[in-house]
Colleague: 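Before we start, here is the structure in question, set down as C-alpha cells.
Every chain is numbered from 1 and lettered A, B, ... according to where its sequence line falls, protein lines coming before strand lines. The basis for the numbers below is simple: all heavy atoms, side chains too, and nothing from hydrogens, waters or symmetry mates. The model shown is predicted, which means the values in this text are computed figures rather than measured ones.
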2 protein chains.
Amino acid sequence: MSSAPDDHSLDMLIRKLESIATLSDEERQAIRSLPAKTRVLQPRQDIVRDGDKPSQCCLILDGWAYRYKLIGGGRRQIFSFHVAGDIPDLQSLRLHTMDHSLATLTQATVAFLPHESLRDLTTRFPSLTAILWRDTLIDAAVFREWMTGMGRRDAFERIAHLFCELYLKLQAVGLAQSYRCPLPITQVDLGDALGLSNVHVNRVLQEMRGRGLITLHSGTLVIEAWDELMRACEFDPTYLHLEKRAAA
Amino acid sequence: MSSAPDDHSLDMLIRKLESIATLSDEERQAIRSLPAKTRVLQPRQDIVRDGDKPSQCCLILDGWAYRYKLIGGGRRQIFSFHVAGDIPDLQSLRLHTMDHSLATLTQATVAFLPHESLRDLTTRFPSLTAILWRDTLIDAAVFREWMTGMGRRDAFERIAHLFCELYLKLQAVGLAQSYRCPLPITQVDLGDALGLSNVHVNRVLQEMRGRGLITLHSGTLVIEAWDELMRACEFDPTYLHLEKRAAA
DNA sequence: CGCAGATTTGATATTGTTCAATCCTAGTGG
DNA sequence: CCACTAGGATTGAACAATATCAAATCTGCG
C-alpha cells in the first residue's frame with residue numbers, strides 16, 4: 001500500500017509535468033521523494049466528494065478518473081476526464097472545501113499525496129510551485145474550451161473537439177499514438193460532459209462513423225481522419241499549452 | 001499615467017484579495033509597492049487578444065471588463081465578467097500565450113502590472129503566491145459553475161444563477177449592497193456568456209420581472225426576492241470560496 | 001445461457017434559435 | 001427645446017436542434 005522508495009509511481013507525475021514544463025534533475029528528485037500511499041480503486045468509486053475538506057491530493061497512476069457535480073433533478077455535469085499523471089484535485093491544496101466530486105471511471109490505481117508534503121515541496125521548490133500552478137491554469141483553460149463548446153458549438157463540434165483534445169492529452173504523456181487511444185467513456189458520460197442527452201450523443205457518433213471520421217468501440221477510439229475532424233470542429237490545440245506541441 | 005507612490009490604486013487589489021484570503025501588513029505593503037501604469041480605456045476596447053504573449057497583467061481599478069473568445073461563424077463565448085480588484089489575465093503569468101481575449105465592457109480604469117514585478121513579488125512572498133494561485137483557482141471554480149449551467153441548467157436557472165453570483169462577488173468587494181448592484185451588461189452579452197440567444201435572454205428576463213424576482217434597467221440590477229431567486233436556481237455560494245461568507 | 005450495462009432506434013415533445021421588424025431611450029446637434 | 005440617431009430592448013412567427021420516453025438490441029462475462 002505504501003510506495004517503496006525504489007518504485008517509480010511518481011514518474012507518471014514527472015512525465016505529465018514534463019509535458020507542460022521543463023524539470024531540473026533536482027526537481028525530479030524532489031518529486032520522487034514525495035511520500036505516496038498507493039491504492040487500487042474499483043470503477044465508479046468516489047475519491048473525494050463535493051463538500052469534503054481533503055488533506056491530501058490524488059495522483060492517478062493508472063486508469064481513468066473524472067470530476068463531476070450533481071445538481072437537482074438527477075442532473076450531472078462532468079468537468080473533466082483524467083489519466084495517469086494527472087492530479088485532478090490539485091486545487092484542494094488552496095481551496096479547502098471541494099465544490100465538486102472526483103471519482104474513478106475505470107478501475108484505477110491512485111497515489112495519495114498529503115497536502116503537507118506538497119506544501120513542503122512548494123516551499124522548498126518555488127519553481128515547482130510555478131509548474132503546479134501552471135497545471136491548474138491549463139485545467140482552467142480546458143474548462144474555458146468546454147464552456148465555448150457548450151455555449152456556442154453544436155453537438156457534432158463538441159464531440160469532435162473533445163476527441164481531439166483527449167487524443168492530444170493522452171499522446172502528450174505517451175498513452176496514445178497513431179491516432180488511436182483508449183476511451184473508456186460511456187455515451188451517458190459523454191452527454192453529461194458535453195451537455196447533451198445520451199440519445200443525441202449516440203446519433204452524432206453514428207454520423208461521425210458514417211462520415212469515416214472515427215471508429216469507436218470496446219473502449220478504443222481511432223481517429224480515422226484527423227485533419228478533417230480537426231477542421232470540422234475548428235480545433236486549435238493552443239489552449240492545452242503543451243510544451244512539446246503534438247502533431248497537428 | 002504612472003501611479004504616484006501615495007495614490008491607492010492598488011488598494012482595490014488588496015480589498016479583492018482580502019475577500020478570498022487574509023493578508024499580513026507586510027504583504028499589503030508589498031502589494032502597494034508594485035509599480036503600476038494606470039490608464040483609462042474606452043468601452044469595448046480589447047486589452048489583450050487571443051494569441052498575444054503579454055508581459056504584464058491588467059488590474060481593473062474601475063469599470064467592468066470581460067473575457068471572451070471568438071470562434072467561426074461570428075460566434076462568441078464570454079467566460080467571465082470582472083470588476084475593480086480583479087486581475088482577469090493573471091493566468092498570463094504562467095501561460096505565456098493567451099487562448100482568449102480580454103476587453104473592457106464599460107469605460108474602465110486599469111493598471112498594468114509588469115510580469116517581472118509580479119514574479120518578483122511571488123519570489124519574495126511565497127504566501128502571496130499562494131493567494132494569487134488561490135485566486136486563479138476560484139476563477140476556475142466559477143468556470144465549472146458556468147459549465148454546469150450551460151450543460152445542465154435551463155435558461156431561467158442560468159440567468160438567475162449568474163445574477164446571484166455577480167451580486168455576491170460585487171458585495172464581497174463593497175460594490176453592492178441591499179440586493180442592488182450595477183450590471184452594465186447587454187442582453188447580447190448575457191446570451192454570449194450563458195450560451196443563449198439575445199432574444200431568449202430577453203424573454204426570460206421578462207419572466208423574472210413578471211414573477212417579481214428582479215428589477216433591471218439602466219444598468220442596475222435589483223434582486224427583489226433573493227431567497228426565491230436563489231432557490232429557483234439552486235444557488236450555493238460555496239464555489240466562490242469567499243473568506244467572509246456573504247449574506248445568504 | 002442469461003444477466004446487466006451499454007448502445008441503438010423510433011416517435012414525439014420542447015426548448016431555444018433565427019429572422020425581421022418595431023420600439024424605446026439616452027445622447028447629439030441645431 | 002426638439003428632431004435625429006444609434007444601440008439596445010422587445011415582439012412575432014416560423015423553424016431547428018436537441019430532449020424525452022419507451023422499447024429493443026447488443027456485448028462482454030460469469
Side-chain angles (χ1 to χ4, degrees), chain A residues 42-45 64 66 71-78 103-107 149-160 182-210 214-221 232-233, chain B residues 42-45 64 66 71 73-78 103-107 149-160 162 182-210 214-221 232-233:
Chain A
Q42 289 315 111
R44 307 282 170 177
Q45 194 177 325
W64 288 57
Y66 69 108
I71 63 173
R75 292 170 291 180
R76 178 178 66 154
Q77 177 66 44
I78 291 178
T104 57
L105 190 58
T106 64
Q107 183 181 92
M150 291 195 284
R152 289 294 178 239
R153 286 195 249 259
D154 69 22
F156 185 97
E157 295 171 304
R158 270 181 245 187
I159 296 177
L183 196 83
I185 306 178
T186 70
Q187 294 179 4
V188 171
D189 294 329
L190 282 176
D192 283 346
L194 300 172
L196 298 167
S197 70
N198 61 330
V199 173
H200 199 55
V201 168
N202 182 277
R203 289 178 171 136
V204 172
L205 287 177
Q206 287 179 57
E207 188 195 340
M208 293 181 57
R209 289 191 189 103
I214 63 153
T215 296
L216 173 59
H217 57 78
S218 2
T220 298
L221 169 70
C233 64
Chain B
Q42 289 315 111
R44 307 283 171 177
Q45 193 177 326
W64 287 57
Y66 69 108
I71 63 172
R75 291 170 291 181
R76 178 178 68 153
Q77 178 64 44
I78 290 177
T104 57
L105 190 56
T106 64
Q107 184 181 91
M150 292 196 284
R152 288 294 177 241
R153 286 196 249 259
D154 68 24
F156 185 96
E157 295 171 304
R158 270 181 244 186
I159 295 176
L162 178 63
L183 195 83
I185 305 179
T186 69
Q187 295 180 2
V188 170
D189 294 330
L190 282 176
D192 284 345
L194 299 171
L196 299 168
S197 69
N198 61 330
V199 173
H200 199 53
V201 167
N202 181 278
R203 288 177 174 140
V204 172
L205 287 177
Q206 287 177 57
E207 186 194 342
M208 293 182 58
R209 289 190 190 103
I214 62 154
T215 295
L216 174 58
H217 56 78
S218 358
T220 298
L221 168 71
C233 63

Colleague: Which part of the nucleic acid, if any, lies within contact of Gly191(B), taking any heavy atom under 4.0 Å across all strands shown: a base, the sugar-phosphate backbone alone, or nothing?
Modeller: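 Counting heavy atoms under 4.0 Å across all strands, no contact is made by Gly191(B).
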
Colleague: Which heavy atom of Met150(A) sits nearest a heavy atom of Gly195(A), and at what distance?
Modeller: SD-N, 3.8 Å

Colleague: Mind listing the closest non-hydrogen atom pair of Ile159(B) and Val204(B) along with its distance?
Modeller: CD1-CG1, 3.6 Å

Colleague: For DNA chain D, whose closest nucleotide is more 5', that of Gly195(A) or that of Ser218(A)?
Modeller: Gly195(A)

Colleague: Heavy atoms only: give me the nearest Gln42(A)-Thr104(A) pair and the separation to one decimal.
Modeller: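 Smallest interatomic distance, heavy atoms only, reads O-OG1, 2.7 Å.
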
Colleague: Specify the separation, in whole Å, of atom CG of Leu196(A) and atom P of dT18(D).
Modeller: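 Value for this atom pair: 7 Å.
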
Colleague: Look at the side chain of Thr186(B) and decide which nucleotide, out of dA9(D), dT7(C), dT20(D), has an atom nearest to it.
Modeller: dA9(D)

Colleague: Could you work out how much the helix from dC1(C)-dG30(D) to dG30(C)-dC1(D) bends, comparing the axis of its first five pairs with that of its last five, to 10°?
Modeller: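 What I find for the helix from dC1(C)-dG30(D) to dG30(C)-dC1(D) is an axis angle of 40°.
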
Colleague: For DNA chain C, which residues in residues 199-210 of chain A have a heavy atom at a distance below 4.0 Å?
Modeller: Val199(A), Asn202(A), Arg203(A), Gln206(A), Arg209(A)

Colleague: Closest approach of Pro182(B) and Trp64(B), non-hydrogen atoms and distance?
Modeller: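 Of all heavy-atom pairs spanning Pro182(B) and Trp64(B), the closest is O-CZ2, 3.4 Å.
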
Colleague: Ile185(A) CD1 to dT7(C) P: how many Å, rounded?
Modeller: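 Result: 11 Å.
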
Colleague: Return the NE2 to OG1 distance between His217(B) and Thr215(B), rounded to the nearest 0.5 Å.
Modeller: 6.0 Å

Colleague: Looking at every strand, decide which applies to Gly219(B) at a 4.0 Å heavy-atom threshold: base, sugar-phosphate, or nothing.
Modeller: nothing

Colleague: Could you state the atom-to-atom distance from CZ of Arg153(B) to C1' of dT15(C) in whole Å?
Modeller: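 Spelled out: CZ on Arg153(B) to C1' on dT15(C) is 17 Å.
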
Colleague: Measure CG/Leu194(A) against C1'/dA17(D) and give the value in whole Å, please.
Modeller: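 Between C1' of dA17(D) and CG of Leu194(A): 15 Å.
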
Colleague: Whether the Asn198(B) and Gln187(B) side chains hold a donor-acceptor pair (N or O, under 3.5 Å, no angle test) is what I'd like checked.
Modeller: no

Colleague: Could you give the CG-to-P distance, from Leu216(A) to dC26(D), as a whole number of Å?
Modeller: 18 Å

Colleague: Over how many whole Å does the gap from Arg76(A) atom CZ to dA19(D) atom P extend?
Modeller: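 Rounded to whole Å, this separation is 15 Å.
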
Colleague: Measure from CG on Leu190(A) to C1' on dT18(D) and round the result to the nearest Å.
Modeller: 16 Å

Colleague: When the distance from CZ of Arg44(B) to P of dA6(D) is rounded to whole Å, what number comes out?
Modeller: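 Value for this atom pair: 18 Å.
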
Colleague: Taking only residues two or more places apart in sequence, or in another chain, which ones meet Asp154(B) in a side-chain contact (heavy atoms from CB on, under 4.5 Å)?
Modeller: Phe156(B), Glu157(B)

Colleague: Is Asp192(B) salt-bridged to Arg152(A), going by a charged N under 4.0 Å from an acidic O?
Modeller: yes

Colleague: What is the distance from atom CG of Leu216(B) to atom CG of Leu183(B), rounded to the nearest 0.5 Å?
Modeller: 6.0 Å

